[in-house]
Amino acid sequence: MRRTAPVANAVGLLAGYALDRLLGDPRRWHPVAGFGQAASALERRLYRPDRTAGTAFTALAVGAPVLLGAAAVAATRHRPMTRAVLVAAGTWSVLGGRTLRHEATVMGRTLRAGDLPAARRRLGHLCGRDPSTLDESELARATVESVAENTSDAVVAPLVWGAVAGLPGLLGYRAANTLDAMVGHRSARYARFGTPAARLDDALNLVPSRLTGLLTIAVAPVAHGDREKAWRVWRRDRNDHPSPNAGQCEAAMAGALGVRLGGRNVYFGRSEVRPFLGDGPRPEARHLKRAARISGAVGLAAVGLAAAYPVTVGRLAAALGRHGLRAVGRHWFGVAGRRGPAAVADRGSGR
């Protein structure tokens with residue numbers, strides 16, 4: 001089974017990605033929506049305006065899907081085909097690449113038609129900004145920034161954690177990311193309670209967001225972008241964003257499209273002024289199709305890397321880990337056999 005498990009995970013990731021690419025999100029009984037309802041019920045029971053309650057909430061809400069995934073892994077230990085099917089279903093349920101690209105395309109088409117009211121209504125499908133006063137350029141900017149960030153959150157990061165930790169990684173990451181969207185934002189209610197969920201989401205996205213930035217640079221030519229310019233903007237601007245991760249994706253996208261992102265964002269009840277990322281004009285409707293194309297290309301590159309990981313680096317790491325544990329076991333049991341339990345106790349106590 002040691003040889004077949006990595007292959008089952010790799011096949012499952014590829015199949016799940018293909019399902020998302022072809023079908024998009026499940027139209028009914030979406031597992032993420034069900035998780036959100038369960039998390040809301042748990043929040044009502046545990047909420048207090050402090051971080052201790054938020055930590056307990058986050059641990060329970062993320063721990064439950066991880067344990068469910070681990071139980072499924074244990075139950076399919078000798079059933080690689082069943083394991084692959086479960087990983088495929090899990091991957092499909094947590095990815096959102098097709099939906100993300102569709103929303104960007106629809107927004108671009110709506111803006112080109114000059115229908116600002118419809119475009120403002122549509123923005124809620126992508127982000128939580130107040131669209132009531134946004135013009136075409138600001139709607140386009142919000143869309144490009146959302147596509148850039150969510151290419152990491154909804155595509156690359158789930159694939160990374162699925163590659164590293166299999167089904168528990170897929171479910172655990174999506175649970176943490178969903179909690180961040182629910183309680184991680186700044187507000188009077190969640191200023192302290194939501195901090196643990198926000199910090200966990202930040203930690204889980206440190207590597208995926210940077211990988212997303214690098215892949216965006218690599219695939220920039222698919223949307224007539226300039227790799228050198230994207231690389232320069234990414235290196236210069238990626239750490240200017242207040243988020244430790246969003247700037248990695250947005251700076252690379254700004255450079256790839258040759259536009260300038262950032263500025264004043266108005267949410268319901270608050271506003272933020274963010275540094276500019278990139279050079280050139282503000283985004284327009286014509287840039288949205290290119291952003292969607294880059295997002296799709298990044299997803300393809302990411303699933304290739306994710307599928308390769310379990311059968312290459314992951315298998316090597318597991319083998320080295322088993323070898324290390326055997327070496328430690330031989331050392332300690334050998335010492336115990338030669339010197340007796342008292343000698344081992346003396347070594348452990350430092351005497």
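No experiment lies behind these values; they were computed from the predicted model shown.
Judged purely by distance below 3.5 Å, without hydrogens or angles, the side chains of Asp25 and Thr99 pair a donor atom with an acceptor atom. No side-chain donor from either of Arg238 and Asn245 sits under 3.5 Å from a side-chain acceptor of the other. Ser132 and Asp130 form a side-chain donor-acceptor contact under 3.5 Å, judged by distance and modelled atom types alone.
Side-chain contact between Thr55 and Phe57: absent, with no pair of heavy atoms (C-beta onward) separated by less than 4.5 Å. Between Ser40 and Met182, some side-chain heavy-atom pair lies under the 4.5 Å cut-off. A 4.5 Å side-chain heavy-atom check between Cys249 and Thr216 finds every atom pair outside the cut-off. The shortest distance between side-chain heavy atoms of Leu170 and Trp161 does not fall below 4.5 Å.
Side-chain atoms of Tyr47 come within 3.5 Å of backbone N or O of Arg189 as a donor-acceptor pair. Side-chain atoms of His125 never come within 3.5 Å of backbone atoms of Arg122 as a donor-acceptor pair (strictly under, hydrogens ignored). In terms of modelled atom types and a separation under 3.5 Å, the side chain of Ser187 and the main chain of Tyr190 share a donor-acceptor contact. Between the side chain of Arg274 and the backbone N or O of Gly262, no donor-acceptor pair lies under 3.5 Å. Formation of a donor-acceptor pair under 3.5 Å by the Thr195 side chain with backbone atoms of Ala191 is found in this model. The closest donor-acceptor contact from the side chain of Glu250 to the backbone of Glu149 lies at 3.5 Å or more, if one exists at all.
Counting non-hydrogen atoms of neighbouring residues, nucleotides and ligands closer than 6.0 angstrom, the CD atom of Glu228 reaches no more than 12 such neighbours. Within 6.0 Å of CZ in Arg236 there are more than 12 heavy atoms belonging to other residues, nucleotides or ligands.
Contact detail for Arg174 and Val32: the closest heavy-atom pair is CG-CG2, 3.7 Å. Closest approach of Gly299 and Val155 over heavy atoms only: CA-CG1, 3.7 Å. Of all heavy-atom pairs between Asn177 and Asn205, the closest is ND2-ND2, 4.2 Å. For the residue pair Ala256 and Ile294, the shortest heavy atom distance occurs at CB-CD1, 3.8 Å.
In this view, Ser295 and Leu100, Arg101, Val147, Thr151 satisfy the side-chain contact (heavy atoms from CB on, under 4.5 Å) rule, not counting sequence neighbours.
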